[in-house]
Amino acid sequence: MPLITLPDGSSRIFEQPVSVAQVAANIGPGLARAALAGQVGDMLVDLSHVLDQDTALTLITDKDEAALPLIRHDAAHIMAQAVQELFPGTQVTIGPAIEDGFYYDFARDKAFTPDDLALIEARMNEIVDRDLPIQREIWDVAQAKQTFAGLGEHFKVELIDQIPPDEPVSVYRQGNWFDLCRGPHLPNTGRLPKAFKLLKLAGSYWRGDAGRPMLQRIYGTAWRNKKELKAYLHRLQEAEKRDHRKLGKTLDLFHTQEQAPGMVFWHDKGWQLYLIVQDYIRRTLREQGYQEVHTPQLLDRSLWEQSGHWEKFGDMIFTTHSEHRDYAIKPMNCPAHIQIFKQGLKSHHQLPLRLAEFGSCHRNEPSGTLHGLMRVRNFVQDDAHIFCTEQQILPEVLAFIDLLFSVYHDFGFDDVLIRLSTRPNQRVGDDALWDKAEQALQQALEQRQLDWELQPGEGAFYGPKIEFSLRDCLQRVWQLGTIQLDFAMPARLGASYIAADNTKQVPVMLHRAILGSLERFIGILLEHYAGALPTWLAPVQVAVIAIADRHHTYTQHLTDELRKHDFRATADLRNEKVGFKIREHTLARVPYLLVVGDHEVNERCIAVRRREGTDLGSLSLNALLTHLQADVADLARQSD
RNA sequence: GCCACUGUAGCUCAGUCGGUAGAGCAACUGAUUCGUAAUCAGUAGGUCAGCGGUUCAAUUCCGCUCAGUGGCUCCA
């Protein structure tokens with residue numbers, strides 16, 4: 001006699017076990033028609049799921065956000081059915097719902113073509129029209145293996161082998177097609193809203209393992225209705241406009257070319273931005289008690305062998321040689337910073353010692369991983385290494401976290417993803433040290449009450465790390481900041497200090513960066529603002545526009561005055577109409593446009609317009625300077 | 001690195017079922033001196049990514065290389 005409690009607090013009692021569908025029908029015919037699935041606790045279940053105990057139940061309809069994963073997972077199944085109907089011999093593997101859509105990985109000798117996507121999509125629509133009932137069946141393991149093996153579905157057999165013995169082997173059948181799947185699913189294929197679209201083809205390794213076969217992945221998106229689909233596709237289009245590679249070109253910031261893959265040619269405006277960002281960090285680090293140092297670009301290979309990098313990353317280190325010696329073009333700064341630390345005897349009074357460097361590093365990243373400014377082969381990090389005692393770890397990590405958030409806030413980023421990565425399989429240092437290191441980082445996160453995600457096994461080979469990531473315009477996640485604990489490297493490279501008890505001790509080293517690579521950070525920055533940077537960051541802050549030749553002197557005078565006050569201003573004296581100039585500077589995302597005509601010259605004033613089109617009226621030079629100073633001082637906190 | 005796709009003027013793109021290419025914007029020249037998102041006219045601009053093959057003929061078909069794009073793997 002199950003007692004079913006509904007979200008509104010009401011409850012119904014049933015004589016015998018009932019299915020979710022029966023509960024819906026019991027409430028009303030409208031709900032029975034609309035119901036797609038049920039939710040028991042956190043678990044989504046099929047409409048056919050039988051409830052035999054007292055429980056709370058939520059019925060899911062297409063009004064609920066919770067219906068989305070269900071819809072997407074069904075879209076994946078229906079796509080798989082369509083593919084197998086159209087391309088016999090194709091093996092199915094896995095096909096989950098993901099953020100905004102779904103994918104399915106197939107094994108097939110021939111490659112799918114972009115044209116195939118349209119065919120598959122058409123067949124999916126047909127399968128929806130067939131309105132096939134979707135039924136869950138529980139199979140015996142041996143029977144399941146035999147059936148899938150008989151169909152030549154070797155990947156599925158491998159999946160069955162990995163289902164824990166206490167879990168049922170469930171199969172979902174729609175028409176004469178079926179797939180091994182945990183579920184849940186919609187009751188009929190006809191319930192899948194025709195608001196899906198196949199988007200792209202991609203390769204993917206079976207089980208995410210580069211040593212195993214490459215499968216063909218088809219990505220799609222699916223929504224509750226056509227309106228949502230349209231909105232999503234529009235969102236993708238808009239995201240494309242924010243792409244930093246596109247902005248880099250249209251705003252004349254940087255370019256890349258074949259002869260230097262993964263390396264950036266910074267143009268004047270882009271380099272201005274780069275330097276502004278760098279100056280800001282340089283100033284901030286000084287204030288926080290860091291010393292700035294600068295170390296060689298080339299270091300003998302023995303140093304990298306000693307540090308362990310040569311063994312682990314040898315094939316990604318660019319090298320050069322001279323007079324029978326091999327040099328690494330440095331892929332990172334830390335061994336060099338240890339050399340500075342090692343100069344002269346260090347006392348515990350000098351700790352924590354914080355060495356910062358904007359060191360240009362080269363890493364021979366695999367060609368397929370390069371991506372605009374986000375993943376490059378030559379980059380500069382706002383890198384620093386803190387040498388300290390074990391007791392100083394926690395306060396240093398806390399101070400770093402606080403600094404990082406204050407910096408991100410100044411740049412306008414408040415939505416930060418935090419991940420704690422712990423010991424990997426391939427590592428140096430004993431487990432007692434790893435325990436200590438991981439606990440220290442976790443404790444810092446907890447003290448600051450931050451939300452974080454654990455990534456077991458993802459730490460660096462010398463220590464655990466916290467990663468701070470942001471998303472780009474297409475929601476791809478990129479790591480920017482990091483703090484990594486390292487008990488190994490200082491010892492390997494022979495760093496030590498004299499402790500209070502007059503013994504020689506090995507310092508702990510913290511590797512840390514706030515922005516990470518300046519290149520990547522600028523990429524994220526551009527996408528975040530769609531190129532319309534806050535005034536303090538804009539390469540050109542003010543464009544002074546002359547209406548006619550007779551206004552040139554005053555225009556030039558204003559521009560000079562602005563420059564004298566450290567604003568980045570440019571005079572536009574071209575023989576063009578105002579409208580044309582306004583349009584150009586607006587498209588160039590210049591925050592302030594000043595228009596100079598007869599009125600301004602006569603009254604010694606300036607007509608001020610913001611790039612968004614707002615008119616700030618007629619200001620005196622002093623009033624303008626005050627306004628600009630306030631805007632710049634505000635950083636990204638609330639301007640725009 | 002792996003899978004797929006793409007590479008035409010400075011930019012955005014069209015085009016050739018094989019007969020050496022075209023638009024808009026930008027550039028240049030001239031006219032215009034203009035009040036808040038495109039003034040008008042004219043001119044010039046391309047070994048169709050590179051190399052090789054097939055062919056009477058290749059930018060177009062095929063192969064290789066390079067680079068880019070989307071994923072996957074990797075990321076000290």
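Keep in mind that this is a model prediction, so the values were computed, not measured. Each chain gets a letter, A, B and so on, in the order its sequence line appears, and its residues count up from 1.
Considering only side-chain N and O atoms, A:Arg207 lies nowhere under 4.0 angstrom from the phosphate OP1 or OP2 of B:U73. The side chain of A:Lys465 places an N or O atom within less than 4.0 Å of a non-bridging phosphate oxygen (OP1 or OP2) of B:A76. Using a 4.0 Å cut-off, some side-chain N or O of A:Arg550 falls inside it from OP1 or OP2 of B:C34. Taking 4.0 angstrom as the limit, A:Lys200 places a side-chain polar atom (N or O) nearer than this to OP1 or OP2 of B:G71. OP1 or OP2 of B:G70 lies within a sub-4.0 Å distance of a side-chain N or O belonging to A:His371. A close approach under 4.0 Å does not occur between any side-chain nitrogen or oxygen of A:Lys330 and OP1 or OP2 of B:A76. An OP1 or OP2 oxygen of B:G70 is reached within less than 4.0 angstrom by a side-chain nitrogen or oxygen of A:Arg245.
A donor-acceptor contact under 3.5 angstrom links the side chains of A:His511 and A:Asp486, judged on distance only.
Using cut-offs of 30° and 60° for the angle between ring planes, the A:Phe112 and A:Phe87 rings count as perpendicular.
A:Phe313 qualifies as a stacking partner of the B:A76 base, centre to centre under 5.5 Å and near-parallel within 30°.
Side-chain N/O atoms of A:Glu600 and base N/O atoms of B:G35 include a donor-acceptor pair closer than 3.5 Å. Donor-acceptor pairing under 3.5 Å, judged by distance alone, is absent between the side chain of A:Arg217 and the base of B:C3.
Base pairing of B:G70: its partner is B:C3, meeting the Watson-Crick or G-U wobble criterion (both donor-acceptor distances under 3.5 Å). Remark: B:G10 base-pairs with B:C25. Criterion, Watson-Crick or G-U wobble with two distances under 3.5 Å.
Every residue two or more places apart in sequence or in another chain was checked for a side-chain hydrogen bond (donor to acceptor under 3.5 Å, both in side chains) with A:Thr319, and none qualifies. Under the rule for a side-chain hydrogen bond (donor to acceptor under 3.5 Å, both in side chains), the partners of A:Gln556 that lie at least two apart in sequence or sit in another chain are A:Asp560.
Taken to the nearest 0.5 Å, the CG atom of A:Leu480 stands 8.5 Å off from the CE atom of A:Met374.
Annotation: of the two residues near RNA chain B, A:Leu215 and A:Gly372, the 5′-most nearest-nucleotide partner is A:Leu215.
Among the heavy atoms of the strands lying under 4.0 Å from A:Ala202 is at least one base atom, whether or not backbone atoms are also near.
A heavy atom lying under 4.0 Å from RNA chain B marks the following residues of residues 475-490 of chain A, by number: A:Arg476, A:Gln484.
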